[in-house]
Novice: 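Below you will find the structure I want to go over with you.
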Amino acid sequence: FFVNTGLNLSFESKIKRKFLIPYFGIELGGLFQRAFSSMHFTPVAGIQLLSTKKVIWSVQGGYLYTTKRFDEYSGYSYSSTLNILLWND
């Protein structure tokens, strides 16, 4: 079981474009199995490939650091996320 929460911040302010927006951040959480559990943190960097009022599509990568059994469970992490926004101003 993998639990995760995080914070992403943009490199830029007052962005006008709707694509290729870089960001950085950190994720914190835990890894839980029957015989093993550990907290982790992951520094990340990513790009919002598309960012509109209805859709945000991003890709990111980072390195997951565990607090226990570092050599076995730490490693690179990659993800892609598609957010569909149902409500907006």
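The analysis underlying the following values was restricted to heavy atoms, covering all of them including side chains, and did not include hydrogens, waters or symmetry mates. Since this is a predicted model, take the numbers as computed values, not measurements.
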Novice: If you round to the nearest 0.5 Å, how far is OG of S51 from CD1 of I21?
Specialist: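 Answer for the CD1-OG pair, I21 versus S51, is 4.5 Å.
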
Novice: Any chain of hydrophobic side-chain contacts (each under 4.5 Å) joining F19 to L82?
Specialist: yes

Novice: Can you name the nearest heavy-atom pair linking P22 to R17, along with the distance?
Specialist: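 Nearest heavy atoms, P22 then R17: CD-NH2, 3.8 Å.
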
Novice: Please check if the distance between the ring centroids of Y23 and F11 is under 6.0 Å.
Specialist: no

Novice: Angle between ring planes, F32 versus F1, binned at 30° and 60°: parallel, tilted or perpendicular?
Specialist: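 F32 and F1: tilted rings.
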
Novice: Between I56 and Q48, does a side chain to side chain contact (heavy atoms under 4.5 Å, CB included) hold up when you go through it step by step?
Specialist: CA-CA 7 Å; I56 300 173; Q48 286 185 353; 3.9 Å; yes

Novice: Does the side chain of Y65 come within less than 4.5 Å of P43's, by heavy atoms?
Specialist: yes

Novice: Say whether I15 and L20 are linked into one hydrophobic cluster, either directly or through other cluster members, by side-chain heavy-atom distances under 4.5 angstrom.
Specialist: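 Different hydrophobic clusters.
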
Novice: According to a 4.5 Å side-chain heavy-atom criterion applied to Ile, Leu, Val, Met, Phe, Trp and Tyr, with indirect links allowed, do V3 and M39 form part of one hydrophobic cluster?
Specialist: no

Novice: Starting from the C-alpha separation in whole Å, work towards a yes-or-no answer on side chain to side chain contact (heavy atoms under 4.5 Å, CB included) for L64 and F2.
Specialist: CA-CA 12 Å; L64 186 138; F2 185 73; 3.8 Å; yes

Novice: Using the rule that Ile, Leu, Val, Met, Phe, Trp and Tyr join whenever any side-chain heavy atoms are under 4.5 Å apart, tell me whether L50 and I47 fall into a single cluster.
Specialist: yes

Novice: Ignoring hydrogens and geometry beyond distance, is a side-chain donor-acceptor pair present between E27 and Q60 at under 3.5 Å?
Specialist: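 On atom types as modelled, these side chains qualify, holding a pair under 3.5 Å.
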
Novice: Kindly say whether T66 contributes a backbone atom to a donor-acceptor pair with the side chain of S74 at under 3.5 angstrom?
Specialist: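 Pair found, side chain donor or acceptor close to backbone of T66.
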
Novice: Are the side chain of S38 and the backbone of K68 linked by a donor-acceptor contact shorter than 3.5 Å?
Specialist: yes

Novice: I'd like to know if the side chain of T5 reaches the main chain of L28, judged simply by a donor and an acceptor atom lying under 3.5 Å from each other, with no hydrogens or angles considered.
Specialist: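 The answer is no, because no donor-acceptor pair under 3.5 Å joins these two groups.
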
Novice: Work out which heavy atom in I26 is nearest to a heavy atom in V44; give both atom names and the distance.
Specialist: N-CG2, 4.2 Å

Novice: For T52 and K18, work out which heavy atoms get closest and say how close.
Specialist: CG2-CD, 4.3 Å

Novice: State the NZ-CG distance between K54 and N83, to the nearest 0.5 angstrom.
Specialist: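 Going from the NZ atom of K54 to the CG atom of N83 covers 13.5 Å.
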
Novice: Could you give me the CA-CA distance, side-chain angles and deciding distance for W57 and T81, then say whether side chain to side chain donor-acceptor pair (under 3.5 Å) is met?
Specialist: CA-CA 6 Å; W57 178 28; T81 305; over 6 Å; no

Novice: Check whether Y76 and F70 end up in the same hydrophobic cluster, where Ile, Leu, Val, Met, Phe, Trp and Tyr are linked by side-chain heavy atoms less than 4.5 Å apart.
Specialist: yes

Novice: Please work out whether the ring planes of F36 and Y73 are parallel, tilted or perpendicular, with thresholds of 30° and 60°.
Specialist: parallel

